[in-house]
Structures are given as C-alpha cells and as structure tokens.
Amino acid sequence: MKKKWWQESVVYQIYPRSFQDSNGDGIGDLQGIIKRLDYLNYLGIDVIWLSPVYESPQADNGYDISNYYEIAPEFGSMKDMEQLIEEAGKREIKIVMDLVVNHTSDEHPWFQEAKKGKTNQFYDYYVWRDGTPAELPNQLKSSFGGSAWEWCEEAGQYYLHLYSKRQPDLNWENREMRQEIYKMMNWWLDKGIGGFRMDVIDKIGKIPDKLIVANGPKLHDYIKEMNTEVLCRRDVLTVGESWAATTENAKQYSNLDGSELSMVFQFEHIKLDKEEGKAKWELGELDFIKLKEVLSKWQCELDSRGWNSLFWNNHDVPRIVSRWGDDGRYRKECAKMFATYLHGMQGTPYIYQGEEIGMTNVRFDEIEDYRDIETLNLYREYQALGWSHDKIMRSVYAKGRDNARTPMQWNDTRNAGFTEGCPWLKLNQNYLTVHVQENVEDAHSILQHYRRLIWLRRESKWKDVMVYGNYEPFFEKDADVFAYKREKGGKGMFVIGNFHETRRTVELPISVSDILLSNYEDSCVREGKVTLRPYETLLFGMES
Ligand code: NOJ
C-alpha cells in the first residue's frame, strides 16, 4: 500500500468541555482550544480528534446532536470553529470531527417530526416498533441501563435507543437519511477538516428484531457506500469506534484498497479487566499474559493487511495509570511505561488529554458530584438491585467515565488554570502537583517522555521502523516482563519493560545497542542481562 499521512501521525483527543475555558462559564470551549494550540504544537502532535461540539442539549455531553450544522453556544460559534481549523492548519495540525450518526438527540428536528407518526416524511429516519406501554417490543437493553425501547405517546409506538432515551437511533435502512448524512459529511470536509472519528460505527447495521446490535449484516455495505459518496474523493483520516471489533473485521474496515476506513478504534485489550458476560461495573482483575497476547495478536494480524489505532485512554475509560499501573509512588514511571509500550507499536497512536502529564482517576465521595449520564443511571439501577453506596462507588472509582473527564490541569493556580468560573465537573485535587507547567519545566517529566516518543516517530532516523516495522513479541508467558522487537530495512527497535513493582533480572533475547528512551535516569544492562526496577521500560535502537 502507498504510505498515508495518517499512518505517520500522532492524534491528540480533546474533550472540549474539560480542556480549556476562555469565557468563565466553567465549560471548556473552542477559543480555549485555540489558546492551547501552541502547547499541542510543542507536544508535537499532528491531528486533533475533537469530541462533539455540535449543537446539542448535552444529555450525553454532545454525543446527542440536535443540529449537525451548528456549534453548541457553550463551545462557541461556527466562526470560532473556522478559526480553529485555520489556526490549527498554520501549525500543520488537522482537525478530525466526531461523527455521531448511529443516533441523534431527541431534540433533532428529524426526531421532532418523526414522532408525529407514520405519515410524517421523517418517521422512517428512526426505528419504531409496535407494543403497548406495558409490553416492550423485545428485551434489547440500552448501554446506559434499562430497556433500549422508549414508549412515545405521540407516535403511539416504541422507538429504539441503544444509549439514553434522549438519543434515538437512526434507521440506516432509510436511503434518504443516509444521503442526508453524506451531505453533511461533505459539508464539513469542504470546511477543511481532516477527517472523522465515527462514534459506535459498528452499530449502524443493527437488526433490532433479531437482537443484532453490533456488526450487523449490512454494516460494511453502509461503510462502503459512505466511502463512495464521501470519503474516496478525499485524503482524510477516518477511524471507526468499535467495541465489538475482531481482527477479522478490522482487516475489512481498514483494508488496503481503501474502500472503507483508515482504521478501527477497537477495545479488545481495554476490556480485559472485565469477565466475559459480566457487566462493566462488576470488577475483574487484569490478566497480564492475556493483555500481551491480545496486543500482539492485533499487531501481527493487521501487519500489511490493515492498520491499527493505538490507545490506552479516551473519554469513556478510566485513566490507565490508575487502572493498570500505580498512580501513587510510581505514577511517573508507570505513565512513561504505558507510553513507551504503546508508541513503540505499529499503528497510529492516540493521546487523550492529560495522559501526557499522567493525570489520574478521581474519587468524589458523593454521587451528586458526578455528571456522567451513564454513571448516574447505573447508580440508580444498582441501588435498586440492593448494592450499597460503598460498593457502587468502588465501581464508579474504578470504571466511571468522569475519571477521564475532570478538567485539564494546566498549572497550580485556582481551578488548575482551566476556568475562572465554577467548573462544570469538580477537578482532581492532585492538580496542585500534577499539571502541565511543571511538566514543561522538568526535563525528566512525563510530557518530555511523550515529546521524545513523538519525535522518534515523526522526525528521527528511526521513523520508518517505528511506523512501519514488523512486530515480534518476546517473554509472552512471563508474569512481569513484556518485550517486542520491530524491524524494517536494516533497522530495529526493541522495547522491554517490567509491568509490575517486583524487580526482575532477565537475559536479553537479542543483542541490543543504543538506549533511545528509558523511564529511569540510568540503566542496569550488563553482559546480555538487564535488571528491571519497578515499571522500568527501555526502548533500544539497533542498526545492522
Ligand atoms: C461512544 C462515545 O464515545 C460515548 O461517549 C457516547 O456516550 C456513546 N458512544 C454514545 O454516543
């Protein structure tokens, strides 16, 4: 395949509500992002994935869109958006918009019309089924708790919502509706954006009557159609979110003939601390051997057949240093370890805001301090099931989405420099020590570690092997150590690290030379052996 710009890019995800407020209303906004572009340029990223900023009642923080052609006033105006695209462009940064087309807001004019009933021209844009207020069409569940069906008095029918009842599902069987979506996508691309992150794209081919939600039979037909109508004429990055992706269908999504998407954002590794068949809130342990197996599987299977996206964090999952690392004594070492493992792999790395300074999960005592619709719904649901407050809170602390959504920590002044007003969600109080300014000033900070990884990938002589090199795992059955080798055109890279706190001395399986990056200031590599201190991770470069 011809090389693509997005294969060599590093993406930074911004959750606009929590990034930078510029007008004191306590909510991050577009002017705030513009103000921080120089920081992102300093970090070295190429692309910003912007979580939704469209007009929305904000039932799910913007993932419930009421107008695809307008910006929500709390985020700014269309002029601000144009300015952001332009200012980012000056710094060679592209803006990738979040495309939420599995559902709209219940306040979208299409839904307002549709619910008038069968004779309305928009009725069929949504998924309606017969029933009575007492009898649901079937047992489909919403991801945010409860039934996926909501009774609509006005229509005298049920509508489908795989998320909250404020997010009715669109009916992708409807050709006219699909054309409206393609028109809107083209409109945004004409504005100069660099592509789309596609929200829960694997659900657009659902067949509710057969209880098929993800990976429906027509899913790839719709994506191919979208490609023909919109994407094939543009040189853009497209990334489809899929919690149900397998390496098999990922090869289809990101196939080399370019007939679908650039890559898929899949969660097989992220789901590993949840037991199969159990709910998100029932906590499980991470199986480290399995984690290595899954990461390596995706690396090997997609090599030369598709393209991986690489991530540990986003706005829906807890912070990785708290989740699978140590966010106390070894916070810095852990954050750097996760970064090295990820950026050393083949694929496009994604950094979620705050990850680059090692931001951690948060623990509020009261449920009233939380804002996330999923967390609030589930709190009620589990309370009704008899769970105690403490038990539910343990799950919220471990898995709740607000862990990732606390405001960005810029400095140690009031509200961490995020807002002059009252923040929409409380800050993590560790902002007094964990913040951007401290990371900029410290030569050994987590931020500098990320900068170095990005520089290696984008500009160094290791670029080719880091981006395109093949992948071979080592220490697959070791309880603490994970290592892999990358190779291309006479150059190699070797990553080896200790995932735990126990010190380990192991024999190096290959002969290594230069240490390109480490999360300790010195190293213990001697006579073919390496001693790895807690979470110590080394990245070697090799030239033949
Ligand atoms: C996935 C998004 O990332 C999440 O934040 C949202 O709640 C659901 N899709 C519904 O749009």
Side-chain angles (χ1 to χ4, degrees), residues 11-19 28 48-68 72 75 96-108 111 126-127 140-146 148 150 159-170 172 181 196-206 213-215 219 238-245 261 263-267 270-271 280-281 309 311-319 350-353 355 370-378 396 399-406 424-425:
V11 181
Y12 187 91
Q13 184 194 350
I14 291 184
Y15 196 66
R17 264 189 118 63
S18 304
F19 192 62
I48 293 171
W49 149 22
L50 196 61
S51 278
V53 289
Y54 312 87
E55 195 180 281
S56 157
Q58 306 288 332
D60 185 17
N61 290 352
Y63 284 91
D64 49 321
I65 298 170
S66 52
N67 187 344
Y68 291 103
F75 295 135
V96 161
M97 296 289 276
D98 218 308
L99 183 79
V100 188
V101 291
N102 173 67
H103 46 268
T104 66
S105 158
D106 59 343
E107 291 183 26
H108 194 291
F111 189 71
Y126 294 86
V127 183
L140 263 186
K141 293 266 173 265
S142 147
S143 294
F144 291 165
E150 180 71 12
Y159 66 86
L160 179 73
H161 61 91
L162 294 176
Y163 294 89
S164 87
K165 61 182 182 195
R166 310 272 332 257
Q167 294 163 295
D169 273 60
L170 286 166
W172 274 74
I181 299 292
F196 293 106
R197 174 267 183 183
M198 303 182 178
D199 191 64
V200 290
I201 202 66
D202 56 0
K203 294 190 176 163
I204 63 173
K206 67 206 137 232
V213 174
N215 299 334
L219 168 65
T238 49
V239 49
E241 183 201 21
S242 172
W243 283 79
L261 307 177
M263 60 193 109
V264 58
F265 205 82
Q266 62 81 22
F267 293 81
I270 288 296
K271 291 190 292 195
K280 163 173 176 171
W281 304 95
S309 52
F311 74 96
W312 294 117
N313 293 286
N314 77 0
H315 63 292
D316 291 330
V317 300
R319 297 274 183 186
Y350 288 70
I351 302 168
Y352 176 67
Q353 67 184 43
E355 174 187 331
Y370 286 85
R371 296 285 171 270
D372 173 28
I373 185 171
E374 180 191 53
T375 300
L376 298 175
N377 282 355
L378 283 151
V396 170
K399 293 278 181 73
R401 304 195 300 181
D402 281 340
N403 280 312
R405 300 176 179 184
T406 58
W424 72 277
L425 172 66

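In each ligand, atom 1 is the first atom listed, and ligand 1 is the first ligand listed. One-based numbering along the sequence shown.
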Output, or 'none' if empty, a list of ligand 1-protein atom pairs in which both atoms are N or O and the distance is under 3.5 Å, rounded to 0.1 Å.
from, atom 1, to, atom 2, distance (Å)
ligand 1, 3 (O), R197, NH2, 3.1
ligand 1, 3 (O), H315, NE2, 2.8
ligand 1, 3 (O), D316, OD2, 2.4
ligand 1, 5 (O), H315, NE2, 3.0
ligand 1, 5 (O), D316, OD1, 2.7
ligand 1, 5 (O), D316, OD2, 3.4
ligand 1, 5 (O), R401, NH1, 3.4
ligand 1, 7 (O), D60, OD1, 3.4
ligand 1, 7 (O), D60, OD2, 2.5
ligand 1, 7 (O), R401, NH1, 3.0
ligand 1, 9 (N), D199, OD1, 2.9
ligand 1, 9 (N), D199, OD2, 3.2
ligand 1, 11 (O), H103, NE2, 2.9
ligand 1, 11 (O), D199, OD2, 2.7

Can D316 and K399 be counted as an ion pair, charged N to O under 4.0 angstrom?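 Between K399 and D316 there is no salt bridge, as every charged N stays at least 4.0 Å from the carboxylate O atoms.
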Answer yes when R166 and D64 have at least one side-chain N-carboxylate O distance shorter than 4.0 Å, and no when they do not.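 No salt bridge links R166 with D64.
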Under the rule for ring pair (Phe, Tyr, Trp, His ring centres under 6.0 Å), what residues qualify as partners of Y15, not counting sequence neighbours? H315
Is the distance between the ring centroids of F311 and F265 less than 6.0 Å? yes
Kindly check if the number of other-residue, nucleotide or ligand heavy atoms within 6.0 Å of NZ (K271) is above 12?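 Count over threshold, so yes.
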N/O donor-acceptor pair under 3.5 Å between E241 side chain and V200 backbone: yes
